[in-house]
Amino acid sequence: MSDAPFTVAIDGPAAAGKGTISRAIAAHFGFAHLDTGLLYRAVGALVLDGAEPIAAAQALDPRALEDARLRTAEVAQAASRVAVIPEVRAALLDFQRAFARRPGGAVLDGRDICTVIYPDAEAQLFVTASAEVRAARRWKELREKGDTRTLADVLADVQARDARDSERDAAPMRPADGAKLLDTSKMSIEEAVDAAIAHVEAKGAVLRG
Ligand code: CDP
């Protein structure tokens, strides 16, 4: 058993499969996992409740990440609006960097993990899929939670968020030079997970536990 840090950095657009892949990698290698989107969602939720975004980010309590409301589509849009503010991103940086180097290994998923948060991550992935495939996956997830929006609405949401995330000046979403590109459009989730684990293993990760 080793306590050495090992960072797996995973970026990509909404509903590409990052969350499932990150959780599977964390479980396989015995690493800790941080869904960094939850930080922006938590700030977005506080702003919907009337808070000022920069102050909300600076005072964010990691316990706020457990709230089920953070998974709603309304909060996702609010998250991508606060995520364009450089001071919001700066306020969340140290927490993410410290998590990346915690002893025993860490998986972080988001939009700027490879490019900004921890560019020296030992293993880097950019997980993507076509907007149509991603919208269909997200629509299915939302429907299982009782959300009644149409597939067309969900596709429009995904496209609006893709545009905001990749066109912003502060840490725009883009594949890092050293990241392995994983297009999951035509893959089952098992195939995508296997490909991601094989990449992390090839980069030298060993099982912890
Ligand atoms: O789960 P999904 O991919 O739909 O979204 P998320 O990962 O929870 O991220 C919500 C929003 O937070 C994104 O649309 C981004 O605007 C923002 N975000 C970011 O800017 N940087 C990150 N590292 C993670 C999320």
Side-chain angles (χ1 to χ4, degrees), residues 7-23 33-48 53-54 56-57 60 62 64-97 99-100 106-119 121 124-131 133-142 145 147 149 153-176 179 182 184 189 192:
T7 311
V8 182
I10 305 185
D11 291 320
K18 296 187 306 285
T20 308
I21 289 171
S22 303
R23 284 190 296 275
H33 171 225
L34 178 65
D35 171 354
T36 66
L38 286 178
L39 300 170
Y40 295 90
R41 284 174 181 258
V43 176
L46 290 165
V47 169
L48 289 174
I54 299 170
L60 192 69
L65 307 185
E66 308 291 329
D67 188 348
R69 174 187 170 212
L70 300 187
R71 303 283 177 191
T72 63
E74 187 196 15
V75 171
Q77 290 295 337
S80 84
R81 284 193 296 270
V82 300
V84 306
I85 305 170
E87 292 86 351
V88 166
R89 308 197 69 83
L92 302 175
L93 191 75
D94 288 348
F95 178 76
Q96 296 177 80
R97 260 185 204 155
F99 194 96
V107 184
L108 289 86
D109 72 283
R111 302 290 187 285
D112 64 340
I113 311 303
C114 306
T115 52
V116 174
I117 301 298
Y118 202 68
Q124 306 188 9
L125 288 146
F126 190 86
V127 180
T128 189
S130 72
V133 166
R134 290 185 287 117
R137 288 178 186 162
R138 183 53 51 94
W139 178 66
K140 198 164 161 269
E141 278 172 21
L142 289 170
K145 288 191 225 151
D147 188 304
R149 278 166 336 128
D153 288 340
V154 176
L155 178 60
D157 268 14
V158 160
Q159 286 168 329
R161 217 138 56 85
D162 283 357
R164 216 180 282 132
D165 290 349
S166 50
E167 288 161 19
R168 69 187 178 210
D169 290 331
M173 174 177 68
R174 59 170 181 80
L182 195 60
T184 67
I189 191 63

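Because the structure is a prediction, the values reported are computed rather than measured. Read the numbers this way: they start at 1 and go in the same order the structure lists the ligands and their atoms.
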Note to self: The criterion is salt bridge (Lys or Arg N to Asp or Glu O under 4.0 Å); which residues satisfy it with R161, sequence neighbours excluded?
What the structure shows: none
Checklist line | Residue from R71, R111, R23, K18 passing salt bridge (charged side-chain N to carboxylate O under 4.0 Å, His left out) with D35 | finding: R71
Note to self: I'd like to check the side-chain hydrogen bond (donor to acceptor under 3.5 Å, both in side chains) partners of T7; sequence neighbours left out, ordered by chain and number.
What the structure shows: R101
Item checked: Neighbouring protein residues of ligand 1 - any heavy atom closer than 4.0 Å -> A14, A15, K18, T36, G37, Y40, R41, A79, S80, A83, R89, G110, R111, D112, R138, R161, D165, R168
Note to self: Under a 3.5 Å distance rule, please check whether R41 uses its side chain to pair with a backbone N or O of L70 as donor and acceptor.
What the structure shows: yes
Note to self: Tell me every residue that passes side-chain hydrogen bond (donor to acceptor under 3.5 Å, both in side chains) with D112, counting only those two or more places apart in sequence or in another chain.
What the structure shows: R89
Item checked: Straight-line distance of L39 CG to F95 CZ, nearest 0.5 Å -> 6.0 Å
